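Residue indices begin at 1 and follow the sequence shown. What you see is a predicted model, and the numbers here were worked out from it, not measured in a lab.
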Amino acid sequence: MSASIVADTAQCFSTHQFACLIGYGASAVCPYLALETCRQWRLSTKTVNLMRNGKMPTVTIEQAQRNFCKAVKSGLLKILSKMGICLLSSYCGAQIFEIYGLGKEIVDIAFCGSVSKIGGLTLDELARETLSFWVKAFSEDTAKRLENFGFIQYRPGGEYHGNNPEMSKLLHKAVRQKSESAYSIYQQHLANRPVNVLRDLLELKSDRRPIPVGKVEPASSIVQRFCTGGMSLGAISRETHEAIAIAMNRLNGKSNSGEGGEDPVRWSPLTDVVDGYSPTLPHLKGLQNGDTATSAIKQVASGRFGVTPTFLVNADQLEIKIAQGAKPGEGGQLPGKKVSAYIARLRNSKPGVPLISPPPHHDIYSIEDLAQLIYDLHQVNPMAKVSVKLVAEAGIGTVASGVAKGNADIIQISGHDGGTGASPVSSIKHAGGPWELGLTETHQTLIENGLRERVILRVDGGFKSGFDVLMAAAMGADEYGFGSVAMIATGCVMARICHTNNCPVGVASQREELRARFPGVPGDLVNYFLYVAEEVRGTLAQLGYEKMDDIIGRTELLRPRSIPLMKTQHIDLNYVLSSVGLPKWCSTEIREQNVHTNGPTLDEIILSDPEILEAIKHEKEVTKVVEIYNLDRAVCARIAGVIAKKYGDTGFAGQLNINFNGSAGQSFACFLSPGMNIRLVGEANDYVGKGMAGGELVVTPVENTGFSPEDATIVGNTCLYGATGGQIFVRGKAGERFAVRNSLAEAVVEGTGDHCCEYMTGGCVVVLGKVGRNVAAGMTGGLAYILDEDDTFIPKLNKEIVKIQRVNAPAGQMQLKSLIEAHVEKTGSKKGAAILSEWEAHLPLFWQLVPPSEEDAPEACAEFERVKAAGRVPVQST
């Protein structure tokens with residue numbers, strides 16, 4: 001183990017290939033052919049001419065090679081970060097890979113210990129494949145020009161793509177002309193496609209006699225099992241997002257908001273539709289009276305970007321995304337070009353500023369934290385089902401069991417075969433596995449643990465037809481998600497330039513002139529799903545089954561196909577075809593209506609008070625004193641949900657003054673609404689003020705405890721997570737990751753742990769004491785003021801994004817002082833009072849952190865001022 005291994009190879013040029021070599025033990029890699037290719041590119045006549053004409057920056061051979069190495073390094077760091085690994089030495093030899101398509105012989109020799117569930121190529125077959133490359137390179141008729149295999153974008157004669165131009169054209173023709181014959185041609189095209197996904201190796205067989213199609217459950221029932229993928233408004237255009245939602249609502253299916261919130265105008269049914277247009281949604285055509293553009297599934301993802309109490313209470317389902325599907329392990333990435341004024345308003349951000357939703361494992365470190373978030377969402381909206389989105393990979397069954405025990409209602413399994421409307425190319429390759437394996441493991445593990453009846457299983461990833469739906473049903477899924485194909489049905493032409501904001505048909509662009517070209521109408525997607533449902537009905541009739549429930553989990557209906565392909569001869573499908581029994585199903589209707597609850601909670605006791613109900617109903621002021629214990633979790637969330645359902649995020653004119661005494665459990669005062677003034681005398685656990693949208697939150701210690709409040713931690717980790725408004729004053733210290741993803745709230749605290757202000761996009765944070773390391777990591781908006789009494793702050797600052805300066809401008813001084821004054825008034829802070837009493841001496845000790853988005857107004861929190869002027873946040877102290 002003291003020896004280093006250097007891989008000297010011509011077959012390594014992409015970041016994934018470097019990661020594989022290092023992950024299996026290489027201490028260093030010399031990609032000599034890649035470096036030689038850089039040299040030849042620099043010496044080529046075309047490159048030289050472009051540089052001479054000024055159409056390309058002039059670089060030397062050495063610079064070109066260094067740029068390549070820099071890109072590889074960045075890619076490796078990205079891979080490490082999404083795995084939660086800090087050091088390359090920790091990754092070296094770790095073997096955190098899953099193998100698809102290599103047989104036991106190769107795995108035992110070269111990848112011993114790695115997971116390989118389906119077997120595959122033997123050494124002899126691998127040798128033949130290697131030899132075929134050599135023959136192709138050195139045969140006499142070899143072309144001098146390198147082939148483009150179309151690994152990223154479709155190329156004629158290159159690698160087969162499931163979403164290809166011919167498929168898109170056939171589907172457009174079928175849905176736009178509402179032609180059954182055209183859909184049959186589309187269906188035949190899919191049936192004749194080359195093997196490219198695991199289910200293509202299987203077929204459906206039944207020992208029952210066929211039955212008439214008329215005996216099969218209707219298409220209107222089947223389409224209710226269909227969902228669309230979590231595509232955010234921002235990644236795709238407003239027109240596409242709303243057309244998909246309207247179509248799914250017509251079918252009683254479910255569309256998914258994706259991350260980024262939703263415009264409240266979409267939550268009411270459309271009226272006064274004339275000639276297919278509505279005054280409410282004038283940019284869309286093909287509308288009908290009664291249409292609604294709301295997304296039944298609202299995604300909370302990283303808990304910011306439009307996640308407010310009103311957003312949550314207007315959902316039929318709430319989805320927690322701890323996996324991305326198309327790019328598992330990564331967070332959402334919205335390029336600055338796509339952050340228009342409209343998108344920025346919905347996300348409480350600024351136009352043109354890139355928005356990064358980091359990998360969800362930055363937030364959910366354990367199954368207990370995930371269970372707490374499930375609890376929080378059930379608390380704020382007890383009528384909504386909570387789903388958790390997992391990625392198909394080895395071990396998903398264990399995670400799914402924890403999710404089921406955590407009281408989730410739905411588990412979604414996302415396969416690798418998904419699209420993305422915003423992410424870079426490196427995010428969608430070599431990530432995740434086939435949903436066929438993830439679904440099989442999840443279904444079987446839940447049955448073995450007696451948990452399958454507790455949840456609905458939903459699966460997505462490359463669904464295109466009724467065949468895919470029936471395959472997923474036989475493997476155990478109850479519901480089925482369609483992503484890319486739903487966009488294709490509404491006009492997408494698979495240009496694969498989503499991340500550039502230049503979509504030629506306005507499907508994945510925020511540019512108004514391109515959005516004007518959007519060709520889709522909701523009826524097109526309705527037609528597509530009805531065709532898929534009829535295809536399902538026809539196949540069910542052939543199999544001899546009357547309804548979908550009868551085939552869910554019945555792997556005995558699956559048979560391997562006989563396919564004359566060398567690469568598939570040794571694929572072992574026994575894992576997919578195996579069965580550990582069937583669940584004890586209740587009816588679909590009961591499963592649909594069943595929502596897990598939190599049982600009796602403190603919020604229910606508070607809401608049973610007639611004075612509280614009267615104050616909410618008639619917008620009055622009331623004051624109450626309540627004892628709280630650390631078993632009481634997510635307190636105030638149910639109350640906030642009731643207010644938000646009736647008045648929205650800013651409409652409540654009453655005032656609830658609730659004074660708590662004791663120790664609060666996790667998520668105290670989460671999703672707080674304006675008009676709620678909450679005071680806690682005591683201490684609180686993690687997630688205080690999570691997702692608060694307004695109001696006021698004060699936390700102070702019990703008097704005469706014998707310790708100095710400014711030296712004691714009285715609130716836990718991850719406080720003010722994803723807050724979109726309001727104010728919080730803490731007389732004492734907070735744990736780690738204070739104000740993470742805060743987008744609008746104001747806060748004063750007397751010290752924090754590590755990672756303060758992480759990923760902030762707005763608001764203002766004042767820290768009157770010491771902070772931990774890595775302050776302001778990923779902070780793209782808002783302002784922070786940090787008191788540095790002993791000159792130890794600078795080494796703790798993450799300087800990648802923010803700039804640092806003293807508080808010299810009068811407006812900044814006024815903002816800082818007013819917040820400290822409010823803090824002293826609300827909490828009686830001795831530390832704050834001492835600072836104010838010697839203001840001239842303490843002011844030079846404050847640092848002001850200024851992200852790029854605030855550089856145009858570094859003297860004040862421009863984001864707060866903008867929203868205050870719009871009347872969206874009640875201002876009490878500034």
Q. Can you check whether Glu479 reaches Gln224 side chain to side chain, under 4.5 Å on heavy atoms?
A. no
Q. Mind checking whether Ile343 and Leu334 have side chains closer than 4.5 Å, heavy atoms only?
A. yes
Q.
Show me the pairs that pass side chain to side chain donor-acceptor pair (under 3.5 Å) and involve residues 243-253, at least two apart or across chains.
A. Asn249-Thr292, Arg250-Asp291
**Q.** All pairs passing side chain to side chain donor-acceptor pair (under 3.5 Å) where residues 165-174 contributes a residue, at least two apart
**A.** none
Q | Heavy-atom side-chain proximity of Asp468 to Phe482 below 4.5 angstrom | A | no
Q.
Taking CD in Glu512 as the centre, count heavy atoms belonging to other residues, nucleotides or ligands within less than 6.0 Å. Is the count above 12?
A. no
**Q.** Member of Glu319, Glu262, Glu259 meeting the side chain to side chain donor-acceptor pair (under 3.5 Å) criterion with Lys298
**A.** Glu262
Q. Mind checking whether Met487 and Val507 have side chains closer than 4.5 Å, heavy atoms only?
A. yes
Q) Is any side-chain heavy atom of Leu281 closer than 4.5 Å to a side-chain heavy atom of Glu239? A) no
Q) For Phe133, does the CZ atom have more than 12 heavy-atom neighbours from other residues, nucleotides or ligands under 6.0 Å away? A) no
(Q) Please check this pair: side chain of Arg225 against backbone of Val469, looking for a donor-acceptor N/O pair closer than 3.5 Å. (A) no
Q. Tyr183 and Tyr186: aromatic ring centres closer than 6.0 Å?
A. yes
Q: Write down the atom of Val455, the atom of Arg452, and the distance for their closest heavy-atom approach.
A: O-NH1, 3.0 Å
